[in-house]
Structure formats: C-alpha cells, structure tokens
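Worksheet: one structure, shown below.
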Amino acid sequence: MSPEFMIIDGSSLIHRAFYALPPLSNAAGQYTNAVYGFTTMLLKLLADLKPDAIAVAFDKGRITFRNETYAEYKGHRKATPGELSEQFPLVKEVLAALGIQVLEEAGYEADDIIGTLSVQAVQAGCQVTIVTGDRDALQLIGPYSRVLLTKKGISDMENVTEETFREKYGIASSQFIDVKGLMGDTSDNIPGVPGIGEKTALKLVSEFGSVENLLANIERVAGKKLQENLRTYRDMAIMSKKLATIVCDMPLAFSLDQYGYAPDTEKLKELFAHFEFKSLLQRLPAMFGSAAGEPAAEPVRIETRRIETQEAAQELAAAIRCKGRLVFYPVTEGVLPAISFNGLALWDGKEAVYIPAGSDGWSCVAELLNDDRLEKTTYDAKVTYNACYGADLACSEIQTDILLMAYLLDPTAVEYPLNKLVETYLSGYASLHPDQYKDRTAAALWSVEAIARLQPVLYAALQDAKLETLYREIELPLVWVLSSMENYGITVDRASLLGMSEGLSVRIEGLLTEIYQLAGEPFNVNSTKQLGVLLFEKLNLPVIKKTKTGYSTDAEVLEKLAGYHPLIGILLEYRMLIKLKSTYLDGLLPLIHPVTRRIHTTFNQTVTATGRLSSSEPNLQNIPIRSEAGRKIRELFVPGEGYDYIMSADYSQIELRILAHMSKDNGLIEAFNHEQDIHTRTAAEVFGVSMSEVTAEMRSRAKAVNFGIVYGISDYGLSRDIGVSRKEAGQYIESYFARYHGVKEFIDVIIRFARQNGYVTTMFDRRRYLPEINSSNFNQRSFAERTAMNTPIQGTAADIIKKAMIDVYQELKKANFTSRILLQVHDELLLEVVEQEVEPVSRLVKQAMEQAVTLLVPMTVEVKTGKTWAAAK
DNA sequence: GCGACAGG
DNA sequence: CCTGTCGC
C-alpha cells in the first residue's frame, strides 16, 4: 500500500479553532483556546488516519508574489486579534513536541507550500490528504490527493475527493481556479468579472473549459451584457485566475523520511500541564504510550453500581449529607405536565451510582432532592423540577445548573450536550459520545461524573466573565418560575377552535376555487415554485425579487403586484388564512393535553443569542394579533377551571426606554420623562416640524426609523420597510443621528468596544461574542455591527422582564394569591386571575414590573383584564 | 434546507 | 435584529 502523507494548513486550522471555541485561558491568563482546538483536531487526525508522514504549513509575512501581481491582494484583510496571534508560537511548541515538521517560507502562502508538497509527494508515490478550512485548496485535488475541509466547529470534516467534487460542482477540481478567476473572491479581494457570481461562473467553465478558452470565444456566450463585461474585464479575469492559482513548484526538496513524526511525551506532558489541558494530559499515555514504554492506559470504564435496597440507599444518603453536596443526573420520560423519573444517577464524590425509580432504594431520592441543606448540582434543572412536579415530589432549590452556566458563557452555541462541554472545558476528559453507551443508565453514570467535574471549571469561567450575578440572581431563580408556567399550561376553548377551523376551511375552499378559475387550471397554491411559474411565466407579471431558488412570491412582492391582476388580492387572503388554520388552529389542536385540557408549551432558556426566552411545541410567543382574523385566535385562550379572567401586562416601549437609559441621550430621555408619544416626537425631530404638525405618514415612517435604530439600522433595511429609496432612508437615519446625538455616540462606543474585546454586554453583564466584528467580509462585518448595537438593547430588555417574572411570581406566592403567571411574550406577561383578586393582582403586577429596575426614564406597564386573551389586550 | 409568515 | 412552525 502506498504511504499516506498528511499536509495541514496550520494557519487555517488555528483560525478555525480560535473562532470555534470560547476564549479559554490558563491560570497565567494566557489564551489557549486556539491551541487547544488545534491540538485536539491534530490528535484526532493522527489517531483516525495514522499517516506515515506529516507536515504543517504556515503563512509567513503578508507580502507575497501575489501583491506584485495585484497590489490590493488580501488588501482589506484586518489584523489578526492579539488573543489569536499570541497563540501561534504556542501551537508551534506543541508541534515541536510532537516531532512534526513545520514549514513556512517568506514570500509564499501556506497554500503554495501545501501545493508544492502535495505534487512532490504524489510523484514520490504517496496518497496525500490535505487538511484545511480554505476552499482554495480544492484545486489541489487529484487522483492521489484529497482535501479534508473543516466544517463549522472543530470535530467535523468534509472529505472532498475528485469524485465528490465533480458531483457537487459539475466540473473537474483543476477547473476550480477558472471559476474563481471569473467570480473573484471578496475575502481575498480578488476582483473577478463584474456581474458573474458562482452560478454563472460554474456554467461558463463547464461549457468552455477554461478562462482562456472562454475569452477566445466570447461571441458564443449567451447574453449581451455578459459578453460586454467579459470583453471589458478580460485582463481582470486572467489576473484573477493567476491570483487564485496555488504555486506547486516552489524550490523545496522532498523525501518522505523528512516528514516522519516522533512525539516527545515528556515534553507534551509538560506543555499540556502548563496549558491546563487536563483531559489531553490524561489521554496521553493511551495515545503514545509513556516515555518509559509502559502499556497504554485502559479506556475509561463505567462502573454500573446500582442502589436497589433500602440499606444501601440509607448508607449513600448519609454519606451525601455528610458531604453537603448532591450532584445528580435524572433519567426521565413522558410529557408535560406528567414527566416522571426512570431513575437518577448520582455522584458520591468518588464514583457514580444509579438508583432506579420504584426500587427499594428510591425513597432516599425524594429525601435528598428536598433537603435544603444540600447544595444541589445538575444539568438542566428545569427537567428535574418538571419531573418532581409530575411525580408529586417536593424539590428544594437547585444551586448549580451546568446547562445554564454553559449557555451564559457562550449563548451563541447551537446546543450544549455534556460531551461537547467536556471536550471544551475539560479538554476532552473521558470524552465519549452518548451514543457509545449501551443504555441510558450507563450514559447517566457518565453524565453525572462529567457534571461533577465540570462544575468548578464552569463556575470559575463564570466568575471571570462577570456572569455570576446574572446567573445567581436571574437565570437560576427563573428556572422554577418557568417550570411552574409550563406545568400550569393555558386553557384553550377546544370547541370554538374546531368551529373556527371548520369555518376557515369553507372560506379557503372558496378562495381556491376562485384562484383556479383565474389561473385557468388547478395547481398547488402552497408551492412557491408552481405559483412562480403561474405569475411570472404564464401571466407575465414583472419579477420584483428573486430568491436563491427562483422567483420570490412573498407578501411584499404580492402587494407590489396587486394592481396587475385580480388573482393577487385573493392569494394574499389565502396565504393569511392558510397560515392561521395550519399553524394556529390545526397545529394547536393535538397539543391540547387530554387530561388537563390545557396547552403546555416549553420555555427554552438556553436558545437565544440575546438572552430572550423562546417557546416551542407550541410556540405561544407568536400567536397572531396584527390582523383582524388573527386576533380571533386570541379569543380561544381563556381562563381555566377555577379562574375568571386573563390579565396581560406589557411594558410600553421597553427597548427604546432602555436605549434612552443606556445612551443617556437628552432628547430621548426628555421624551419619555414627559410621557410623549415617542414616534411622534421622533417624526418631529427627523422631519423638522413641531409635534402638532406631524402627519400620520410621518409618524409611521418615524416608527420604522425607531425600530431600525433598535435593530441596528441599515439604509437598505429601512428603505425596504417604508418603501422609499435607499438614499432617502439614509437621509432619515442621518437626520435622526443629528438630532439624537447621544444615540449616535452610544452606538459608536459599543462598536468600538466590540472590535476591541470581541463581545458586547447588557446592563446585567450578559455577554455575546461577535467574532465577525473584525471580518474582512463587508457583509459579515456589517451584520456583526448591527448585532453589536441590537444585543445590548434586546438583551437588557430580556434581563429586565426575567427579573420582573421572578418578582411577580414570588410576590403572588407570598401574598397567597391563587392567580398565576402563565406566559411571557418578550415584553408582556400573561396571567390567569380569579375575580376577587383582579384589583390587587393588577396593582401588584404593575408595581413589580415597573420597579424591576430603576432607569433614567420611567418604566411604564399597561395592565388589561378580560374574558379572553384578545380582550386583555 | 428553503421560503413564507406568525410574534417581539 | 431575535425567534418557531408549516409545507414543499
């Protein structure tokens, strides 16, 4: 078999690792996340591929021959952040300890070294694997070489071979540079030919074979405009192709022996200890054997000790009480509000044990869970609270929730599975995938040990990031409130719901008949593809907007087409009604609980990047309100048995008030202190008239401007929202900033902070990392900038209402009211109340919400009560 | 996975 | 800007 040669793009992998992992550091304050990520990836590659030889290439300096060809090459690339550049030498130390050759050459990029090595290695009879995150390397693929392309994160890679490349793009990998020559690459500042994107480029290359052949046959290209561009920019295309071409003939001598590797385990041990890569340290002997040639360590074994007798349980409970700490992981099943325990794994300080529910050992669990002298630690406390509710067990406060901590440390992660957390925070300690366990018991035993080990690490990280107060005072106490709300559920009038659905069916049938008649034939109106063909090919209506896959037919487009054809108005009504019926009537029906007759949503506390809650199965945070027909849906939400009214309490303009406070803008503060209508005031400022002269049109545009400011405005977005030109929208924004100077200053300061620190924070120190804030890609960077201004505002609003929820919940309990909170909709709380409590509860809720924080402007809460959710609005 | 659309 | 669900 031919020898396997692995070539790694060191620069690319380090970048990838840096942005994929939260900013970890060791006790000395040295950043280590990129080193850790890189090392993990490398060790995994060594273990999986077992290459015979290996080389790692780095870029050196920023000027290459490409700058002689084109001075602007990679011109607008931002400097590497300090936290990253300081880790490059550390990575090289790791490579040295592994005995792996590092290559860098002034005047060349890592790509060129990789290209040259790969050609030479193939000539020497090797199979080559190139590992990188840079798609440019795809041009190096051949019959004896493939590319492993890093995906998002650090664990997954895409294997690209000659075959898979051709399948995906329809051209040979060697033609990749021709595509790039035509389409250019904004991130490398390679110009390409204007008007040619990836699709056109791929088409042209598959048709003509190469840039040169294309340019020689321009007259055969379809499209006048395209031909003209190709003629005007022919030199640009040739130069761009040259820029994109990786050099494969650098002066490098090659022999396979040169690139063997020989790990120095002592040195590695030292390094890993210094970086505090605890788990890597532990895995070292298993990977390479120790220096003294001891046998590799045994893989971690899971001891399945079950506690099934009263005696054993009592003994265990005594030991745990003695320690004062209960670390547990529940195994549950069922749906709200009847979730139940299958068993519970717990950590006794030395080993994990499992207690099956219903066994003679179970009694001690009930005692332990409700022992308020124990400090309790778990993963996802809400699951435990819900299971206790379902099993009718009392549960005292849980003080540590690993899931919540991980979320606060990095709210943008997609999920927080324990095995990932172990990989990130314990440097992969005994990291096994949950699927590798033969049963849930074994997985639970592994999990509880992971929780025990993660706790101190996450806690320290939380303190470092100043997140402890937010965690202790808001997120943790909120868990119990959310669990209660989920278990209460909300009553829906099932009979009316069925009636309404039936009524809508009839109306929708009628609309469909009209649509088919006007269209001349029946078709699937729900298919945007079929609808597009009808509107834009059969009826020849003007194409307003396109999507990635075809014509856009969204409401915005349809409204512009309204004058052209009677079909359009009917389509809009059909769309609205079918949405209401499918999502809010038929979709809701199966989620009405057969026993409680109520709908029990799930509030997710660890999903959003900003700190808001989300609601699912069903989502009760997007029940219609804006349209008349939609509002009817809210009439279905009614007080349940034993209750008389629905009460809603919502913050007025919470986000703009927060903006006023955080920016300290005089005009904004004054407006709120005088309880002025904020949109009218903004209209007066932006259009330079007095408040009494503001027209409805002006107010509505000003309202859009205010939304835009909160969302992180772009002239493009605003122009779309209010239907004016981009230029005019730009002028509105400009005059807004001229009048609200404090706001402008506030935004500038936040963006500067984000650029410097890589994250933004809310008033309560909630944090969100924005790695793209210094990106060389304009779109990515602009997006990050808008996020940078939006997150502190949206996130602070989330902090405030979360605090209000806790306060309202506790005060209702304290005063022994029957009335209770059922839902939260971002700036609104929904309660069900009993007749005699309407007055006091309304006062209590208003007071608690308004006093949740003290800002430079008053917080105003409007409370309404009615027989249904619609009436309470 | 995408487009459309419901909410904030 | 932040979400979740439906239907294709």
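What you see is a predicted model; the values in this text were computed from it and never measured. By convention in this document, chain letters (A, B, ...) are assigned in the order of the sequence lines, proteins followed by strands, and residues within each chain are numbered from 1. Because only heavy atoms are used, hydrogens play no part in the values below, and waters and symmetry mates are left out as well, while side chains stay in.
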Could you please name the option among C:dC1, C:dT3, B:dC5 that lies closest to any side-chain atom of A:Ala609? C:dT3
Given C:dC8, C:dT3, C:dT5, the nucleotide with the shortest approach to the side chain of A:Lys579: C:dT5
Ignoring backbone atoms, test whether A:Asn524 places a side-chain nitrogen or oxygen under 4.0 Å from the OP1 or OP2 oxygen of C:dC8. yes
Output the rounded distance in Å from CG (A:Leu656) to P (C:dC1). 17 Å
Under 4.0 Å, heavy atoms only, any strand: does A:Ala555 hit a base, just the sugar-phosphate, or nothing? sugar-phosphate
Length of the CG-P vector between A:Asn526 and B:dC5, whole Å: 11 Å
B:dC5 C1' sits how many Å from A:Leu531 CG, rounded? 15 Å
Name the nucleic acid region contacted by A:Thr553, choosing base, sugar-phosphate or nothing; use a 4.0 angstrom heavy-atom cut-off, strictly under. sugar-phosphate
Nearest to the side chain of A:Thr528 - C:dG4, C:dT3, B:dA4? B:dA4
Checking all strands, does A:Asn619 fall into the base, sugar-phosphate, or nothing category for heavy-atom contacts under 4.0 angstrom? sugar-phosphate
Under 4.0 Å, counting only non-hydrogen atoms across every strand here, what does A:Arg612 touch: a base, just sugar-phosphate, or nothing? base
For the side chain of A:Ser527, counting heavy atoms from C-beta on, which of B:dC2, B:dA4, C:dC8 is nearest? C:dC8
Which nucleotide wins on minimum distance to the side chain of A:Tyr711, given the candidates C:dC1, B:dG7, B:dA4? C:dC1
Please state whether the rings of A:Tyr551 and A:Phe536 are parallel, tilted or perpendicular, taking 30° and 60° as the class boundaries. tilted
Among C:dG4, B:dA6, B:dA4, which nucleotide sits nearest the side chain of A:Asp554? B:dA4
Quick check on A:Glu862: does its CD atom have over 12 non-hydrogen neighbours (other residues, nucleotides or ligands) under 6.0 Å away? no
With a 6.0 Å cut-off (strictly less than), is the heavy-atom count around CD of A:Glu573, excluding the residue itself, greater than 12? yes
Would you please confirm or rule out a distance under 4.0 Å between OP1 or OP2 of C:dC6 and any side-chain N or O of A:Thr583? no
A:Gln794 has its side chain closest, among C:dG7, C:dC2, B:dA6, to C:dC2
What's the CZ-C1' distance between A:Arg626 and B:dG7, to the nearest Å? 6 Å
Test: A:Arg767 cationic atom under 6.0 Å from A:Tyr759 six-membered ring centre, within 45° of axis: yes
Exactly one of A:Thr606, A:Leu482, A:Asn604 clears side chain to side chain contact (heavy atoms under 4.5 Å, CB included) with A:Lys382, and that residue is A:Leu482
Under-4.0 Å side-chain N/O to phosphate OP1/OP2 contact, A:Ser552 with B:dA4: yes
So what does A:Ile623 touch, heavy atoms closer than 4.0 Å: a base, only the sugar-phosphate, or nothing? sugar-phosphate
A:Lys538 (side chain) donor-acceptor with A:Ala519 (main chain) under 3.5 angstrom: yes
Select one nucleotide: of B:dG7, B:dG3, B:dA4, the one nearest the side-chain heavy atoms of A:Thr549. B:dG3
Side chain of A:Thr787 - closest among B:dG8, B:dA6, C:dC1: C:dC1
Check every atom of B:dC2, C:dC1, C:dG7 against the side chain of A:Lys548 and return the nucleotide holding the closest atom. B:dC2
Can you tell me how far P of B:dG8 sits from CD1 of A:Ile800, to the nearest Å? 18 Å
